[in-house]
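Since the structure comes first, as structure tokens, the remarks are kept for the end.
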2 protein chains.
Amino acid sequence: MTRPAKASSYHHGDLRRAILDAGEAELTEGGLAGFSLRRVAARVGVSHSAPAHHFGDTAGMIEALAERGFHRLLACMEARQAAGLQTPYERLLGSGMGYLDFALSHPGLFRLVFGRPAPPAPESGLRQAADAAFLHLAAAVAAVQGGAPLAHSGALAQVLACWTRVHGLAELALSGYIPNLADDPQSAPARAARDALFRELFEVHITPG
Amino acid sequence: MTRPAKASSYHHGDLRRAILDAGEAELTEGGLAGFSLRRVAARVGVSHSAPAHHFGDTAGMIEALAERGFHRLLACMEARQAAGLQTPYERLLGSGMGYLDFALSHPGLFRLVFGRPAPPAPESGLRQAADAAFLHLAAAVAAVQGGAPLAHSGALAQVLACWTRVHGLAELALSGYIPNLADDPQSAPARAARDALFRELFEVHITPG
DNA sequence: CTTGCAATCTTGACGCTGTCAAGTTATGAT
DNA sequence: ATCATAACTTGACAGCGTCAAGATTGCAAG
């Protein structure tokens, strides 16, 4: 049980969380390329090796940030799914729009989360966070089909189809390949345009003839 | 007119190309995260600042590698499209499979290419290489629909739908989120499994009811 | 042939980075 | 009150990108 917010010079009290907050801010400002443990430490106002003390090394801190990222992703999907209309299909689309919200409003964190190998350790917090996000999507797809999540073999393909579509759109939008989709991502009209394009691309069926 | 392959210690002769080759190899082995100009130089056997002399700085070298990447991507798509069956739809699927071939067999280069902002300068070689790859895809989609590339407004949506689907699958496969799709990507059975999954995900239509 | 110029590549230095070992300070249980 | 332990700092080291300056070579003009 760590006491929060002690004010003494030593024993910050909630330094781990403060460092993660600073790391997320650094990620937002400079992206993963220019990420530096020392700048994170300087932003919090602690010594240059305080981050390594809490996370082991750079990889450890990146992993902790990735776990946060999965939680934020899930929160974005749930928020938009709840705000969606009442049909399961509209709720599935809402989850996809939440996925896009997360990607466009936290580009650095999104790239950090998905630019690294999928978490393998079954009991790790990172893995659990990733699984929770995946299961959210699987449940949304299953609801459209009126069954339990991943009931039959074809169900996995349906989930993967949804996931790859929204993920591909998110990645290409982040890099600027989809015109006017990465500008001012928080604004209401930008979000509306994003939603409309996602719905259109999600439903398009390329006919073999 | 640069003379190729002079053997003197100074004036390597084709050092720019040699450095790019080494950079691509470093990318394959260590990914973009651990990329280092000094290791590239050491691999070629030249001084530590020779790369910067040719490319200005790290960003310049990354950009040159990205241009190479777009060319390789286009080559992969063309190779598989040509090997496809004769219907336009099968040729479109072939391009997508070539896209996946490139991503899975050059993970570092693929991530480098699409993990950076889309090239804005219209006359740059990088931009031209990117446009060529995009136009290849647009033409393949147009062929399915029996028209000229990007003839009507809905055509762009169709191209984006294809692009986001194959790109999302590539990204998620690279990170290991799609089971058994990133292992031994060069082997024939792996490629067959990849092709089958891509075809399935590409064609799946999520029904709103 | 040789002279001078420009391109090519090297050398050395600077500050910034991650990591590690050792030291300092506060916490909480005994 | 004491003391083990956790939290954090300090100092050092090698590797990194970048820049200025120097060394070497090819090439064209005279």
Side-chain angles (χ1 to χ4, degrees), chain A residues 1-66 108 112 115-116, chain B residues 1-66 108 112 115-116:
Chain A
M1 299 306 171
T2 55
R3 283 294 180 81
K6 296 284 289 189
S8 72
S9 61
Y10 270 73
H11 291 68
H12 176 284
D14 205 5
L15 185 53
R16 188 188 152 96
R17 177 172 305 265
I19 288 176
L20 281 177
D21 288 340
E24 214 175 320
E26 284 283 319
L27 216 56
T28 299
E29 295 175 9
L32 185 56
F35 190 82
S36 152
L37 289 186
R38 286 175 109 107
R39 263 207 309 280
V40 170
R43 176 185 281 258
V44 181
V46 292
S47 79
H48 65 260
S49 68
H53 177 265
H54 280 273
F55 303 103
D57 56 358
T58 303
M61 173 146 193
I62 296 293
E63 188 172 315
L65 284 171
L112 182 149
R116 62 199 315 284
Chain B
M1 300 302 173
T2 55
R3 281 294 180 82
K6 297 283 290 187
S8 72
S9 61
Y10 271 73
H11 292 68
H12 175 285
D14 204 6
L15 186 52
R16 188 188 153 96
R17 178 172 306 265
I19 288 176
L20 281 177
D21 289 340
E24 214 174 322
E26 284 283 320
L27 217 55
T28 299
E29 295 176 10
L32 184 55
F35 190 82
S36 152
L37 289 186
R38 287 173 107 108
R39 264 208 306 281
V40 170
R43 177 185 280 257
V44 182
V46 292
S47 79
H48 65 259
S49 68
H53 177 264
H54 280 274
F55 302 103
D57 57 358
T58 302
M61 173 146 191
I62 297 293
E63 188 172 316
L65 284 172
L112 182 148
R116 62 200 316 284

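So you know, we letter chains A, B, ... as the sequences are listed, proteins then strands, and number each from 1.
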Which atom names give the shortest non-hydrogen contact between B/Val44 and B/Ala22, and what distance separates them? CG2-CB, 3.5 Å
Distance, rounded to the nearest Å, where B/Leu15 contributes CG and C/dT10 contributes C1': 12 Å
Residues which pass side chain to side chain contact (heavy atoms under 4.5 Å, CB included) with B/Ala64, listed by chain and number, not counting sequence neighbours: B/Arg16, B/Leu20, B/Phe55
Using whole Å, what does the distance between atom C1' of nucleotide C/dC20 and atom CZ of A/Phe55 come to? 18 Å
Here the distance between atom P of D/dG17 and atom CG of B/Leu37, to the nearest Å, is 5 Å
Report the distance from atom CG of A/Asp57 to atom P of C/dT17, rounded to the nearest whole Å. 17 Å
With sequence neighbours left out, write down each residue that passes side chain to side chain contact (heavy atoms under 4.5 Å, CB included) with B/Ser49, or none if nothing qualifies. B/Ser47
Record whether the side chain of A/Arg38 comes under 3.5 Å of the base of C/dG18 through a donor-acceptor pair of N or O atoms. yes
Contact list please: residues 17-32 of chain A against DNA chain D, heavy atoms, distance less than 4.0 Å, in numerical order. none
Expected output is a numbered-order residue list: members of residues 41-53 of chain B with a heavy atom under 4.0 Å from any atom of DNA chain D. What is it? B/His48, B/Ser49
Testing C/dT17, D/dC16, D/dG17 for proximity to the side chain of A/Ser36, the answer is C/dT17
Take atom NE2 of A/His54 and atom P of D/dA7, then tell me their distance rounded to the nearest Å. 7 Å
Once you round it to whole Å, what is the distance between P of C/dT17 and CZ of A/Phe35? 12 Å
For residues 24-34 of chain A, which side-chain N or O atoms pair as donor and acceptor with protein atoms under 3.5 Å away, sequence neighbours left out?
residue : atom : partner : partner atom : Å
A/Glu24 : OE1  : A/Arg68 : NH1          : 2.6
A/Glu24 : OE1  : A/Arg72 : NH2          : 3.1
A/Glu24 : OE2  : A/Arg72 : NE           : 2.6
A/Glu24 : OE2  : A/Arg72 : NH2          : 3.2
A/Glu26 : OE1  : A/Arg39 : NE           : 3.2
A/Glu26 : OE2  : A/Arg43 : NE           : 3.1
A/Glu26 : OE2  : A/Arg43 : NH2          : 3.4
A/Thr28 : OG1  : A/Glu24 : O            : 3.0
A/Glu29 : OE1  : A/Arg43 : NH2          : 2.8
A/Glu29 : OE2  : A/Arg43 : NH2          : 2.8

Any residue meeting salt bridge (Lys or Arg N to Asp or Glu O under 4.0 Å) with A/Arg38, in chain and number order, not counting sequence neighbours: none
